[in-house]
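First the structure, in the form of structure tokens, and then the observations on it.
These numbers were taken from a predicted model, which means no experiment stands behind them.
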Amino acid sequence: MNIHSGLTLRPSLFVRIISAAFGTALALMISSFALAADKAPEVKTAAVHAGLAASVGEIKGVHAHLHHTLNCLVGPDGEGFDANEINPCQGMGKGAIPDTTDAARKQALKDAVDMVQSGLDSDDLATAQKAAADTKEMLEAHEM
């Protein structure tokens, strides 16, 4: 003999709506973290090249690595991009600045471009190295 009360546990509409909302919110959070993580390599690579520029002992090498830094920041369609120099961020995106949607972060990256340009404009080794070191510090503060 099978005794069954006839009661079936069914989630209420409210529980289903809350579950769907929570699931959607979780999916959006995960995807936004993934998008942010996708752009960090450009900034990280730019910081590495700024660090290399700061440590090179001759002006030509400092300028070469600063160009690499600039290319990563502005991307192939950006102002100051030098197609005659290496773009170590090729394939990572359109450049750190074009790929950034956060206004404050975008401005900080533009400030880093100004610092890079000051190093490129100088033929004094110590001045260019200082600009490179300052750029590296600025970029490391904005890595995500």
*Taking C-beta and beyond as the side chain, do V113 and T135 meet within less than 4.5 Å on heavy atoms?*
no
Interatomic distance, CG@N71 vs NE2@H49, rounded to 0.5 Å, equals 10.0 Å
Taking every heavy atom of A96 against every heavy atom of L109, the minimum-distance pair comes out as O-CD1, 3.9 Å
For residues 99-136, the disulfide (SG to SG under 2.5 Å) pairs (sequence neighbours left out) are none
Residues at least two apart in sequence or cross-chain that pass salt bridge (charged side-chain N to carboxylate O under 4.0 Å, His left out) with K130, listed by chain then number, are D134
Taking every heavy atom of A112 against every heavy atom of L73, the minimum-distance pair comes out as CB-CD1, 4.3 Å
Residues at least two apart in sequence or cross-chain that pass side chain to side chain donor-acceptor pair (under 3.5 Å) with T127, listed by chain then number, are D124
Across all chains, not counting sequence neighbours, the side chain to side chain donor-acceptor pair (under 3.5 Å) partners of D82 are none
| message | Run the side-chain contact (heavy atoms from CB on, under 4.5 Å) test on H68 and T45 for me, step by step, so that the C-alpha distance in whole Å, both residues' side-chain angles and the decisive distance to 0.1 Å come before the verdict. | response | CA-CA 9 Å; H68 304 163; T45 302; over 6 Å; no
With a 3.5 Å distance limit and no angle check, can you tell me whether E42 reaches the backbone of G95 through a side-chain donor-acceptor pair?
yes
Contacts of N87 meeting side chain to side chain donor-acceptor pair (under 3.5 Å) (sequence neighbours excluded), chain-then-number -> none
Residues 63-118 vs disulfide (SG to SG under 2.5 Å), sequence neighbours excluded, gives C72-C89
- Check whether any side-chain heavy atom of L70 lies under 4.5 Å from a side-chain heavy atom of L66, and answer yes or no. no
Residues at least two apart in sequence or cross-chain that pass side chain to side chain contact (heavy atoms under 4.5 Å, CB included) with V56, listed by chain then number, are E58, V62, H65
Distance col, row I59:CD1 vs Q129:CD, nearest 0.5 angstrom, shows 7.5 Å
- Less than 4.5 Å apart, any side-chain heavy atom of R105 and any of V43? yes
Residues at least two apart in sequence or cross-chain that pass side chain to side chain contact (heavy atoms under 4.5 Å, CB included) with D121, listed by chain then number, are Q117
Tightest non-hydrogen contact, residues K94 and P76, listed as O-CD, 3.8 Å
Between the CG atom in D77 and the CD1 atom in I97, the distance rounded to the nearest 0.5 Å is 13.0 Å
Contacts of A54 meeting side chain to side chain contact (heavy atoms under 4.5 Å, CB included) (sequence neighbours excluded), chain-then-number -> A132, A133
Note, H67 side chain near L120 side chain (heavy atom, < 4.5 Å): yes
For E137, the side chain to side chain contact (heavy atoms under 4.5 Å, CB included) test, sequence neighbours excluded, returns none
Applying side chain to side chain donor-acceptor pair (under 3.5 Å) to Q90 and not counting sequence neighbours gives none
On a heavy-atom basis, the closest approach of G80 and V74 is C-CG2, 4.4 Å
Quiz item: Is the backbone of T100 close enough, under 3.5 Å, to the side chain of K106 for a donor and an acceptor to pair up by distance?
Solution: yes
